[in-house]
Structure formats: structure tokens, C-alpha cells
**Q** 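Structure in C-alpha cells, see below.
In each ligand, atom 1 is the first atom listed, and ligand 1 is the first ligand listed. Being a predicted model, the structure only gives us computed values, none of them experimental.
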Amino acid sequence: MIPFLELKSAYQEQKSEIDAAIAAVLESGWFILGPQVEAFEAEFAASLGVKYCVGVGNGLDALHLGLLALGVGPGDEVIVPSNTYIATWLAVTYTGATPVPVEPVAATYNLDPARIEAAITPRTKVILPVHLYGQAADIDPIMEIARRHNLRVLDDAAQAQGARYKEQYVGSLCDITAWSFYPGKNLGAYGDAGAITTNDAELADRVRVLRNYGSRVKYINEVVGFNSRLDEMQAAILRVKLKKLEEWNARRRTIANLYLENLQGLDLVLPEVPDNTEPTWHLFVVRHRQRDDLQKYLTQNGVGTLIHYPIPPHMQEAYKSLGIIEGSLPISENIHREVLSLPMYPQLTDSQVREVTTTLRRYRPTKR
Ligand SMILES: Cc1ncc(COP(=O)(O)O)c(C=O)c1O
């Protein structure tokens with residue numbers, strides 16, 4: 001069986017360093033907002049060429065606190081992709097604002113800049129692109145539209161640690177960037193973790209206060225804040241794993257290229273990479289008209305796959321109240337019907353990748 005994802009072998013690669021980092025935190029007796037968090041924030045920011053990083057509890061909180069720092073609140077609208085993980089929309093809802101979905105470019109799965117202006121209203125405050133599957137959204141035209149309409153841009157980089165757009169790392173391209181370090185991400189903690197990065201000192205400061213009960217000085221509360229802090233243990237683990245990020249992303253790139261070479265000529269839509277982007281290959285996503293049949297065949301033949309994502313946010317029970325009916329976001333709905341993610345993680349061997357591609361080449365759709 002080739003699993004879709006397996007996290008134990010990455011731990012084995014760094015076991016002694018990870019174990020030592022955890023032991024050092026335990027022995028320090030300091031667990032919240034301490035030297036490990038500060039060091040990780042500095043190291044992650046430096047690795048991206050951005051001025052500020054503020055660690056928070058998870059990726060959803062990074063989005064939520066980032067939106068609050070931009071001043072988003074009840075009555076506002078935030079432009080979001082119609083195809084994304086639901087966290088992107090939930091963060092908007094938490095602020096009291098309304099998510100306004102815009103369709104993607106089908107070939108890249110990312111927000112289509114050409115469709116954004118039609119969705120802007122006097123209530124629009126922020127555009128929230130997502131670098132889905134680890135490939136940078138087309139940020140330049142999005143920033144240009146935002147500047148022209150006096151809007152701010154927060155990007156969701158949960159899947160894009162190490163992704164580049166026009167030679168620049170994701171994390172410094174927009175007003176503020178939200179990160180998730182959920183264990184399965186390219187840079188993953190051993191529990192929940194997240195962060196924001198920004199070049200704007202004021203935005204960084206607002207998130208720093210919001211994550212810690214609205215407090216800068218102990219027991220002095222400036223705003224109604226939250227408890228959402230990256231903890232010392234996760235920060236220490238992330239510092240060790242950050243050292244491997246480039247190498248592991250390079251290995252993902254090699255795996256992606258093997259897939260791309262060996263899957264040519266099949267009745268599959270393969271990922272398309274625009275010239276100006278370097279993806280992290282967080283996920284390797286193909287499309288097929290009989291996706292469910294293909295997934296069943298792969299499972300029966302020992303290949304683990306997942307669907308990112310089976311139901312678009314507007315068709316979830318949770319968002320019924322928005323009244324966006326089925327059929328109104330056809331590009332996204334079609335993507336959700338056809339996408340399938342193949343096994344992808346740095347420790348996958350070349351022979352495992354070949355086994356996946358050979359199995360795919362033998363697939364014959366069940367007659368309908
Ligand atoms: C695109 C996207 N946004 C946001 C999140 C939320 O991150 P977290 O699970 O750390 O809250 C995730 C991952 O889970 C994600 O994939």
C-alpha cells in the first residue's frame with residue numbers, strides 16, 4: 001500500500017534533533033511566548049525576506065486575526081476564492097463580515113483576477129487570495145486592483161511554505177499573509193500552529209496584541225483579544241523542521257516532475273504551472289471525469305488518494321444561509337467533482353512514484 005501521506009519517516013530523518021529540541025523546552029520550564037517562539041518568528045521571517053512574523057495558534061486564527069488587524073468587521077465584504085478549504089471563508093465569517101466568492105482560473109485553481117472587479121461593492125474591504133495546493137495566485141494584478149479600489153490584501157499561504165512568485169517568496173507579497181503549520185503542511189508542526197507575516201509594523205503589532213488577550217503588558221488589556229499563541233514546544237519543533245524545508249520542497253519538485261513525465265498522454269488533466277511561479281507541490285492534483293471510479297480503482301490497487309475538496313464552501317450546510325445556489329459557481333463546482341490528489345510527501349521513493357503512475361496507466365474507466 002502506498003499511503004497518500006505518511007509523517008513518521010520525516011520524524012525519523014530528524015529524530016535526534018527533534019527529541020533534543022522538545023527536551024530542551026521541557027527542561028526550560030517555559031511553555032508559552034518565550035525564546036523559542038521569538039527565535040522561530042525571526043528565522044521564518046528571515047527565510048522569506050519579510051520583516052515581521054507573529055506566531056499564533058493555527059492557520060484559521062492567523063486568517064481571523066489578520067482580517068481583524070486590517071479592520072474587517074460586521075457589514076464588510078471580503079472577496080474569497082469559490083474553491084478553497086472552508087477555513088478561508090470561516091475566518092471572514094468570524095469577523096462578522098460576508099465572504100463574497102469569486103471563481104478561479106480552471107487551469108491553475110487560483111482566484112481569477114479578471115473576475116474580481118465585478119464582485120467589488122462599496123462594502124468590500126479586503127481581497128483574500130489563496131495559494132491553493134502550494135502554487136502562488138496571480139498576485140500582481142490582484143494588488144493592482146486592490147490599490148485602485150483602496151482595498152487591502154491578505155493572502156492565505158497555508159499550503160505554500162517556500163512558494164515563489166516572480167522570484168519572490170510568498171509571505172511578503174501582500175499586506176499580510178496567513179500561515180498554517182498543521183502537521184501535514186510542507187512546514188508542519190506536531191500539533192496545531194500558525195503565524196502571520198507582514199512588512200507592516202502596525203499590522204504585526206495588532207496581531208501580536210490580539211493573539212494574547214488584547215494585551216501588550218501583562219494584565220493591561222487594550223482590546224478584546226483572543227488566546228491564540230504558538231507554543232514553545234511547537235516553535236522549537238518548527239525551528240528544526242524549517243532547516244529542511246528547502247530540501248524537502250526540492251524533493252517534492254522532483255516527485256512532481258516524475259509524475260508529470262510519466263502521466264503524459266493519459267485521459268487526465270495534469271497540473272499547469274505558470275512561468276512566473278514556483279510551487280511547493282503541497283498537493284499533486286489531477287482531474288478526471290470519472291474521479292470517483294478512478295479513486296475506487298486506485299484504492300483497490302493499493303494507492304492512497306484524497307479529494308481536496310469534495311464539497312465547495314457555498315454548498316456546505318454551514319453556508320446555506322448565504323443563499324448561493326448550486327450551479328451559480330460552475331467552475332468551482334466542476335473542479336470539486338473532478339479533482340483527485342495523488343500521494344505526495346518528500347519521503348516517497350522514486351519506485352513508489354513509478355508504481356503510482358504504472359497503476360494509473362493500467363486504469364480503464366468502468367463503463368457508464
Ligand atoms: C487553504 C487553507 N487555509 C486555511 C487552513 C487552516 O489552517 P489550520 O488547520 O492550521 O487552522 C488550511 C489547512 O488546514 C488550508 O489548507
**Q** Compare Leu283, Asp156, Asp61 and give the one whose heavy atom is closest to atom 1 (C) of ligand 1.
**A**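 Nearest heavy atom to atom 1 (C) of ligand 1 lies in Asp156.
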
**Q** Should Gly59 be counted as touching ligand 1, given the test is an N or O pair under 3.5 Å?
**A**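 Yes - when backbone and side-chain N and O of Gly59 are compared with those of ligand 1, one distance drops under 3.5 Å.
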
**Q** Using heavy-atom distances only, which candidate in Gln159, His64, Lys185 approaches atom 14 (O) of ligand 1 most closely?
**A**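 It is Lys185 whose heavy atom sits nearest to atom 14 (O) of ligand 1.
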
**Q** Only heavy atoms of Ala87, strictly under 4.0 Å: list the atoms of ligand 1 that pass.
**A**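 Under 4.0 Å from Ala87, ligand 1 has these atoms: 4 (C), 5 (C), 6 (C).
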
**Q** For Ser82, does its backbone N or O pair with a side-chain atom of Ser332 as donor and acceptor, under 3.5 Å?
**A**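 It does hold such a pair.
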
**Q** Hydrogens and angles aside, do Thr280 and Tyr133 bring a side-chain donor and acceptor to less than 3.5 Å of each other?
**A**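 Note: Thr280 and Tyr133 side chains miss the donor-acceptor criterion.
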
**Q** Taking NZ, NE, NH1 and NH2 as the nitrogens, is one of them in Lys125 or Glu77 under 4.0 Å from a carboxylate oxygen of the other?
**A**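 No, this pair does not count.
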
**Q** Can you report which non-hydrogen protein atom sits closest to atom 15 (C) of ligand 1, along with the distance?
**A**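 Going by distance alone, atom 15 (C) of ligand 1 is nearest to Ala158 CB, 3.4 Å.
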
**Q** N/O to N/O below 3.5 Å, does that happen between Asp192 and ligand 1?
**A**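 N/O-N/O distance below 3.5 Å does not exist for this pair.
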
**Q** Do the ring planes of Phe226 and His64 sit parallel (below 30°), tilted (30 to 60°) or perpendicular (above 60°)?
**A**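 Ring orientation, 0 to 90° scale: perpendicular.
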
**Q** May I ask you to say whether Asp175 pairs ionically with Arg147, meaning some side-chain N is under 4.0 Å from a carboxylate O?
**A**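 Looking at Asp175 and Arg147, the cut-off is met.
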
**Q** Parallel, tilted or perpendicular: which one describes the rings of Tyr363 and Tyr297, with boundaries at 30° and 60°?
**A**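 Ring orientation, 0 to 90° scale: tilted.
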
**Q** Just distances here: any N/O of Leu60 and N/O of ligand 1 closer than 3.5 Å?
**A**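 Indeed, backbone or side chain, Leu60 has an N or O that close.
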
